[in-house]
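All heavy atoms count here, side chains included; hydrogens, waters and symmetry mates do not. Residue numbers begin at 1 in each chain, while the letters A, B, ... track the order of the sequences.
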Amino acid sequence: MVRLAGVRKRYRGRGEVLAGIDLQIVPGVPVGLVGGNGAGKSTLLRIAAGCASPSAGRVDGRPAVVGYLPQSMPPPARMTVLAYLRHHAAMHGTGAGPAAATAVLDDLDFTGDRAGPLAALSTGNLQKVGLAQALGCAGAGGSQDPPLLVLDEPWTALDAGAAVALERRLAGWVAAGRPLLVADHTGRAGQLPGARTHRLADGVLVEQPAAPRGPEAWATVVLRCPGPAARTLAALPPVACSWDEDGLLGLRVAAAHGDALLAAALAMGCSVVSVGKAG
Amino acid sequence: MSGPLRRTGAAVGYLLALLVGEQRVLLPPVAFLAVLGVLFGGDPGPPPTPWAASALAIYPAAAWVALVVANVEDPVQRAVTVTAAGGRGIVATATVLVALAADLLMVAMAVLLPLVVGRYAYPPATVAMGAVAHLACASAGTAVGLLCARPLVRRVGWSFCLAATVVVVTAVQPWLPPVGAAVRALSSGGAIPVGPALVGLAAAGAAALLSWWVDTRR
């Protein structure tokens with residue numbers, strides 16, 4: 001079990017971002033992290049992953065192998081996708097090579113050129129490579145502690161199919177008895193089986209009541225709207241996540257807010273293509 | 001154990017692959033080769049005296065290489081690498097190992113080129129002296145480069161100015177152990193400068209250790 005005890009982080013010029021964090025990441029129980037912009041979620045994740053140090057407090061029980069996905073990483077420009085995954089698999093200490101990582105690419109429906117440079121990838125495909133790199137650490141193994149997975153907004157830039165595939169992947173990760181820490185504002189992490197969600201505000205964590213579970217809690221709405229998607233989204237009530245496909249705008253919204261969303265969309269001149277349970 | 005040694009090896013492989021993609025790292029050895037060409041292309045005079053000039057030139061070249069190696073990754077990507085490799089110590093070790101490997105390559109260039117051109121006799125003792133003196137200067141350069149790069153100096157522009165200043169100021173002090181002493185041994189026919197080479201290697205190791213220590217406080 002990974003245990004953060006009294007973790008504080010102070011940056012020069014920014015003051016104390018984390019003001020005493022106590023958090024346990026139990027294998028098999030996904031831990032979700034929510035909080036406003038600049039609340040310190042990414043800092044907390046970096047400390048949990050071990051690539052930043054707390055100013056005070058400690059992190060105990062971190063396994064030897066950690067998979068980490070940062071928020072929007074600038075990739076090494078000239079390295080190819082396969083070389084990148086191969087090197088990261090080797091650093092994770094997987095004897096088996098990048099097979100676990102490339103399986104994640106298959107699963108997430110990666111459409112880029114695997115033999116091409118990372119710099120040529122679209123934002124979504126790059127995110128899939130980052131996820132494959134992080135999830136690929138599962139290939140490292142044997143008798144040691146199960147690897148820890150730390151993901152910073154993993155659903156960013158994923159299309160609808162990949163988002164669902166990632167949810168399944170993470171559910172499988174947790175079901176295999178592995179620890180998982182996710183910062184996520186889309187609400188999907190809270191839907192993982194057994195998830196516990198914490199809100200980070202003013203440098204401290206507050207555990208959130210369990211999110212409404214099950215598919216009835218969420219609705220997927222597909223709209224055809226005049227004008228650019230970004231402008232439509234700005235005018236609509238907040239949604240958990242959105243994607244833009246072939247001129248259609250897909251939205252995922254808490255079922256309780258579905259009627260208000262539809263009313264606003266119709267008022268804007270959008271037409272409703274479909275409404276369904278979130279898959 | 002997943003083997004810190006194996007993971008260090010993997011980190012070395014990753015850094016080398018990154019550097020091969022970045023042609024920037026080729027500039028210092030190519031510039032150094034040009035200096036060697038000018039030095040030994042004509043009649044440089046009998047060894048080991050001409051090596052004093054190339055030993056002085058390998059110092060900034062090695063510092064430059066170390067800067068490029070240490071700054072090869074953006075900080076966010078570096079966080080991913082550190083996590084994957086299993087700690088900042090492993091990445092810091094891999095960084096100094098790659099920089100020292102580049103040093104060895106440049107030392108080999110400096111020692112072998114005059115032999116190939118071959119105007120004079122190079123007895124083994126003279127060759128050993130040239131190699132050790134170049135190694136002393138190169139490893140000192142690596143130390144300077146590591147001290148002026150991330151994570152100690154975060155801005156690349158500052159890194160370059162600082163390293164250039166340090167190199168210029170220290171290279172002209174004939175009494176200063178690694179570089180000054182090694183160059184003096186070559187120019188005035190002293191003993192094989194083993195001491196300065198050890199000082200240089202220790203300085204490179206200490207620079208890596210300091211980078212790691214400062215990094216763990218971030």
Take atom CZ in A/Arg169; do more than 12 heavy atoms of anything else shown fall under 6.0 Å from it? yes

With rounding to the nearest 0.5 Å, note down the distance linking OG1 in B/Thr83 to CZ in A/Arg62. 8.5 Å

What is the minimum heavy-atom distance between B/Gly13 and A/His87, and which atoms define it? O-CE1, 3.4 Å

For the CG atom on A/Asp202, are there more than 12 heavy atoms of other groups (residues, nucleotides or ligands in this structure) within a distance under 6.0 Å? no

Pair B/Arg7-A/Val65, side-chain contact (heavy atoms from CB on, under 4.5 Å): steps then yes or no: CA-CA 11 Å; B/Arg7 291 174 89 173; A/Val65 178; 4.2 Å; yes

Shortest non-hydrogen pair, B/Ala79 vs A/Cys51, comes out as O-CB, 3.6 Å

Distance-minimising heavy-atom pair for A/Met79 and B/Ala17: CE-CB, 3.5 Å

Does some side-chain heavy atom of B/Arg217 sit less than 4.5 Å from a side-chain heavy atom of A/Ser53? no

CE-CZ distance between A/Met91 and B/Arg6, expressed to the nearest 0.5 angstrom: 13.5 Å

Check the orientation of A/His88 and B/Tyr14. Use parallel for under 30°, tilted for 30 to 60°, and perpendicular for over 60°. perpendicular

Around atom CZ of A/Arg3, are there more than 12 heavy atoms from other residues, nucleotides or ligands closer than 6.0 Å? no

Checking B/Thr8 against chain A: side chain, backbone, both or neither under 4.5 Å from a heavy atom? neither

Please look at A/Ala83 and chain B and tell me whether the side chain, the backbone, both or neither of the residue comes under 4.5 angstrom of a heavy atom of that chain. neither

Does any backbone or side-chain atom of A/Tyr84 lie under 4.5 Å from a heavy atom of chain B? Answer side chain, backbone, both or neither. side chain

Between A/Ser72 and B/Val76, which heavy-atom pair has the shortest distance, and what is it? O-CG1, 4.4 Å

